[in-house]
Every structure is written in structure tokens, then in C-alpha cells.
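Counting starts at 1 for both ligands and their atoms, in listed order. Throughout, residue positions are numbered sequentially from 1 according to the sequence presented. Values below: all heavy atoms of this structure, side chains included; hydrogens, waters and symmetry mates excluded.
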Amino acid sequence: ASLLVLLAGLFVAPFAAAQAQDAITTASPRTAAAAASDPAALFATHCASCHGASRTGGTGPALLPESLERLKKAEAVKVIGQGRPATQMLPFADRLSADQIKAVADWIYTPVVPTPTWSEADMAASRWLLPDADKLPAKPVFAADPLNVFLVVETGDHHVSVLDGDKLEPIHRFQSRYALHGGPKFTKDGRYVFFASRDGWVTKYDLWNLKVVGEIRAGLNTRNVAVSADGEWVMVANYLPRTLVLLSAKDLAVQRIYPVTDASGKQSSRVSAVYTAAPRHSFVVALKDVPEAWEIRYDKNAPEVWEGLVHDYRMREGNPLPGQFTPRRIKLDQVLDDFFFTQDYVNLLGASREATKGQVVNLDVRRKIADLDLSGMPHLGSGITFDWQGKRVMASPNLSSGKVTVIDTDTWKTVATIPTLGPGFFLRSHEKSPYAWVDSMMSPEGRDTLQVIDKRTLEVVAKLRPEPGKTLAHVEFDRYGKYVLASLWEQDGALIVFDAATLKEVKRIPMKKPVGKYNVFNKINLSEGTSH
Ligand code: DHE
């Protein structure tokens with residue numbers, strides 16, 4: 001007897017090539033009684049067939065403490081008891097008592113011992129490729145401008161919509177892995193897109209042919225991915241295991257696994273995030289548990305010896321290019337939870353959860369060069385840069401207080417603090433728009449309102465509240481800066497399209513809990529108003 005306990009809504013119908021579904025049976029009363037006080041046994045009986053014996057996921061998502069960080073325990077109890085509509089997560093209240101459900105919920109928030117591993121062989125076994133994907137036509141199968149297409153991540157039912165940015169109409173929709181997070185990353189021509197899921201899946205999508213062309217599970221709990229500017233490499237940043245994984249963008253084959261540790265090799269670290277610094281031909285990585293940032297050059301002309309290099313991965317068999325892919329460490333005083341770059345990618349602007357100040361790290365001189373007046377932590381990749389009174393400034397929202405901080409990138413001094421309705425995640429703008437848009441989605445009072453800041457006066461000039469009481473957040477402009485698309489973040493939600501000049505609502509496009517949206521042109525041209 002086995003069965004499907006799929007926690008946390010936490011489960012979506014299996015993905016294309018995915019796994020066959022087990023038959024559903026009920027545990028016998030005897031088995032249940034024997035296991036009544038043992039959550040591990042209850043899990044093995046009812047949950048393991050979908051969530052994996054080590055809770056690392058299967059047809060259902062991983063149920064590790066790292067994966068459950070954002071799910072309140074009361075919600076987990078509810079989902080185990082009542083199931084999750086429109087998913088394969090069944091209700092278990094008819095076969096588990098309230099105490100048993102509570103015991104299982106408590107147990108899944110405890111670490112798995114020993115810590116689960118995810119080896120190169122596991123990755124290789126998870127990888128699949130669409131046959132003959134390289135023979136697909138090298139031109140779009142749709143009539144819409146391929147550079148003004150948006151990809152919209154809908155977490156309500158774990159799908160991605162492809163939207164024509166001129167007609168503002170969906171042209172395609174496909175199922176994604178469970179819980180995509182962070183921005184998808186595009187190759188320079190906008191054809192291929194790489195998505196990361198919190199459970200470690202990396203999905204390669206051919207946007208011109210509207211097809212998923214391959215997948216690999218590169219970790220058990222993943223932060224994000226970066227794609228090299230030459231489109232050849234994908235770097236995956238993991239929390240679990242504590243690794244960076246380099247993949248070939250062509251076929252997702254594992255090229256290299258970097259154990260992430262301090263220079264002595266004794267202290268391991270989770271990876272906060274990895275980004276591509278295109279002008280530097282490198283990946284830049286921040287570590288969460290060791291005060292270091294790493295820079296890893298991917299170009300073939302990388303120098304053989306990088307000053308400051310301590311840990312040496314060059315000797316691995318099959319690497320004929322000594323400097324390429326060799327991490328260079330930048331030692332810091334504090335860890336970085338979050339960072340983004342100045343537009344020239346020379347400086348990294350970072351913040352950490354505990355610190356009272358942010359820091360500016362110069363990647364050329366490889367040290368902190370200034371403090372930043374950033375008291376709380378902005379959400380990663382949520383800052384923007386623009387010109388203001390002849391100065392280049394950066395602006396960032398704050399996850400812990402209702403304000404946008406504007407900082408001069410020459411002096412690193414704060415030039416303005418703009419009060420908002422509450423803490424928010426995302427700030428977005430566009431070269432062609434005088435306005436920046438910010439949400440307050442962490443605040444009960446402000447979560448339904450987008451505020452529009454005039455970049456010339458640094459003042460809030462409008463508050464848009466089209467659906468009182470419903471969360472409204474994350475905007476992205478179209479390629480021309482003409483429209484702004486915002487997420488009405490509800491199960492039966494929508495994209496609300498605003499005219500970027502008049503700020504009037506133009507249209508609603510129904511979506512299932514839309515989260516992030518990504519415009520191809522803005523992403524591949526590294527627009528100063530959005531994340532890259
Ligand atoms: Fe995110 C981007 C980290 C919570 C939605 N978020 C990112 C990135 C990182 C990050 C590292 C950049 C990845 C990239 O684009 O390459 N996020 C974190 C956190 O540490 C935090 C605070 C806690 C956590 O759970 O990990 C967090 N993020 C959230 C949410 O709760 C959000 C609102 C809903 C969700 O889906 O989880 C959320 N994060 C997003 C989105 C982006 C993102 C939509 C991409 C924004 C963009 O426009 O590029």
C-alpha cells in the first residue's frame with residue numbers, strides 16, 4: 001500500500017515526459033495504528049511514493065526545510081488534511097487523524113538526516129532532451145514580434161504564458177515545473193530561455209518554436225540561474241547541496257560542479273545568487289554563509305592565473321583552458337544576501353540581512369570601496385538605475401520598510417528616500433518612461449496599490465488601486481516603454497495593462513496567479529529599468 005500524499009499544493013500534474021502515476025489505495029487501519037505516533041513511518045506509507053523517500057521530491061515537490069521556508073505550518077496541516085484543488089494533492093483527513101497530520105507536518109520541517117546528496121550521476125539521470133531539437137526552424141513559428149514577446153510565470157497552476165507585446169494577447173501557454181522562481185534567462189538572440197524552479201529543475205525553452213527542448217535537475221534546492229553572454233554556458237546557484245553547477249547551454253550536460261566553501265575548504269556555503277556580468281565575460285556569485293563573492297570568467301581568453309586565487313579547480317580532467325571557469329575570490333567583511341550591479345558591471349551593490357548598511361564592492365580592485373545607506377534588504381534584482389540631475393543614480397525598494405532609497409553612484413550617498421505605502425519587492429522602469437513603478441505587497445494596507453514615482457522629481461505622482469484588497473505587484477514595460485503590465489496576484493487573477501504615459505488602465509488579460517513577467521527586448525538589451 002502506498003500513496004500519494006502531496007503536500008503543499010505543492011504538487012502539479014506531472015510535466016511532459018514525467019512520471020507515471022501510482023494507483024491510489026488506502027493504508028490499512030492496522031498499518032495506520034502501528035505508525036500512529038511515528039511521523040517518519042506515516043510519511044513512508046502515505047507520502048514517500050510521490051515526494052521521495054528522502055523527501056527530495058518525485059512526481060510531487062521536495063518537502064525539505066529549505067523548500068518549505070515560505071509555507072506556514074498551519075497551511076501545510078491544511079493541505080495534508082484537505083488536499084489542494086486542481087492538483088494531484090489528495091485530502092488525507094479521511095485516513096489520518098488530526099494528530100497524525102500535525103505530526104507529519106511538524107516532521108517535514110525538520111532536516112533530513114543524513115543531508116540528502118545530489119551527485120553528477122543523479123543530475124545526468126534526470127536530464128532529458130527533445131529529440132532533434134537542433135533541427136527546429138531558426139525562425140519564430142508565430143507572427144508576433146519575437147523581441148516584444150513577454151513570458152509570464154503563472155504560479156496559480158504552474159504554467160508560463162507567452163504574450164504578444166504589441167497586440168497584448170497570449171499566443172501560447174505551457175506547463176512549467178513546480179514553483180519557478182526568479183527571472184528566466186535569455187540567450188542574446190532571444191531564442192532560448194532557461195527557467196529555474198525552487199526544486200532545482202532547469203528547463204530550456206525554444207521560444208521561437210514554442211517548445212521545451214530539455215531539462216535537468218541540477219540541485220535539490222536552487223536559487224537561480226545565469227546564462228553567459230555568448231549563450232554557451234548556464235550556471236546554477238544552489239542552497240542544497242552547497243554547489244554551483246556549470247551546464248552546457250546546448251544540451252544541459254554537466255560541465256563542472258563546484259563545491260562552495262571558504263578558501264580552507266572547511267566552511268561550506270549556500271549560494272545567494274549568480275548573475276552574468278556580460279562586459280566582463282564572467283559569472284559573479286555571492287555566498288550566503290561565507291563572506292566572499294566569486295567571479296568566474298567563461299571566456300576562452302581568461303588569464304591563466306588570477307590574483308587572489310586560492311582554491312584551484314583547474315586540474316579537473318578535460319579542462320584545457322586554465323583560466324576559464326576558475327573562480328576568483330573577493331573577500332568581504334559581511335556576507336551578501338542580495339546584490340545587483342552598476343550598468344557597467346564594475347561595481348556590485350550588495351546588502352545582507354543582518355547588516356545595517358549595504359556595501360559597494362569593486363570587482364576590479366576586488367574589495368569593498370564604500371558603504372551604502374541601505375538599512376534593510378531589497379529583494380534580489382529589484383533595483384534600477386537612471387539619470388537624475390546629471391548624476392547616475394540607483395534606486396531600490398526595501399523588504400523591511402516602506403521606502404525607496406535613491407543613491408548617487410559616484411559618491412554612493414543617498415540623494416532621496418521616497419516613502420511608500422509599505423515594504424515592497426519590485427521597482428521597475430524603462431529608458432523611455434519618466435516613471436518608476438513600485439509595489440507595497442508586503443504591507444496589508446498597501447498591497448493592492450502600485451505607486452508611480454516621477455524619476456525627475458523623485459516624488460510619488462500617482463497611486464493606482466484598480467482592485468481594492470487584491471495584491472498588485474511586479475510590473476514590466478513592453479519594449480517601447482509604451483505599456484506597463486502588472487500582476488493581479490490572485491488565483492483567478494490577471495495582467496492589468498496600463499498606458500505608461502497616461503497611467504490609465506488599457507486592458508486585462510486573465511491569468512492564474514501571475515507572478516513575474518519578462519519582456520525579451522528589455523532583457524536581452526539589459527534595460528536600465530529592469531532585472532537582467
Ligand atoms: Fe524572489 C527574483 C531571492 C522571495 C518572486 N528572488 C529573485 C532572485 C533571487 C530571489 C535570488 C533573482 C533571481 C534571478 O532573476 O536570477 N526571493 C528571493 C529571496 O531570498 C526571497 C526574499 C525569499 C525566498 O523565498 O527565497 C524571495 N521572490 C520571493 C517571493 O516571495 C516572491 C514574491 C514570490 C515567489 O514566486 O517566490 C518572489 N523573485 C520573485 C520574482 C523574481 C525574483 C518574480 C524575478 C523578478 C524579475 O523581474 O527579474
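Residue Arg70 approaches ligand 1 through these ligand atoms, each under 4.0 Å from one of its heavy atoms: 24 (C), 25 (O), 30 (C), 31 (O), 34 (C), 35 (C), 37 (O). Near Val515, the atoms of ligand 1 lying under 4.0 angstrom from a non-hydrogen atom of the residue are 36 (O), 44 (C). Atoms of ligand 1 found under 4.0 Å from any heavy atom of His474, numbered from 1 in the order shown, are 46 (C), 47 (C), 48 (O).
Here atom 49 (O) of ligand 1 lies nearest to Ser531 when heavy atoms of Ser531, Gly182, Ala179 are compared. The heavy atom nearest to atom 41 (C) of ligand 1, out of those in Tyr275, Phe426, Tyr239, Phe425, is found in Phe426.
Looking only at atom types and distance, the side chain of Arg177 has no donor-acceptor partner in the side chain of Ser197 under 3.5 Å away. Side-chain atoms of Lys523 and Ser531 form a donor-acceptor pair, as typed in the model, at a separation below 3.5 Å. A donor-acceptor pair shorter than 3.5 Å can be found between the side chains of Glu431 and Ser527.
At most 12 non-hydrogen atoms from other residues, nucleotides or ligands lie less than 6.0 angstrom from NZ of Lys250.
Under 4.0 Å from ligand 1, not a single heavy atom of Glu476 appears. Within the 4.0 Å heavy-atom criterion, neither part of His532 lies near ligand 1. For Lys185, every heavy-atom contact with ligand 1 shorter than 4.0 Å involves the side chain, none the backbone.
Less than 6.0 angstrom separates the ring centroid of Tyr205 from the ring centroid of Phe174. Residues Tyr258 and Phe325 place their aromatic rings such that the two centres sit no closer than 6.0 Å. Trp233 and Phe283 have their aromatic ring centers separated by at least 6.0 angstrom.
Contact between His181 and ligand 1 is present, with at least one heavy atom of the residue lying under 4.0 Å from the ligand. For Arg428, the heavy-atom gap to ligand 1 drops under 4.0 angstrom. Close to ligand 1: Arg198, with a non-hydrogen atom less than 4.0 angstrom away. Using a 4.0 angstrom heavy-atom cutoff, Thr155 does not count as in contact with ligand 1.
Note: Leu68 CG to Glu66 CD = 9.0 Å, rounded to the nearest 0.5 Å.
When only interatomic distances are considered, the shortest N/O to N/O separation between Asn224 and ligand 1 falls below 3.5 Å. Backbone and side-chain nitrogen or oxygen atoms of Val274 are examined, and none is located within less than 3.5 angstrom of a nitrogen or oxygen of ligand 1.
Checked options Tyr483, Phe150, Phe426; the residue passing with Glu476 is Phe150 (criterion: side chain to side chain contact (heavy atoms under 4.5 Å, CB included)).
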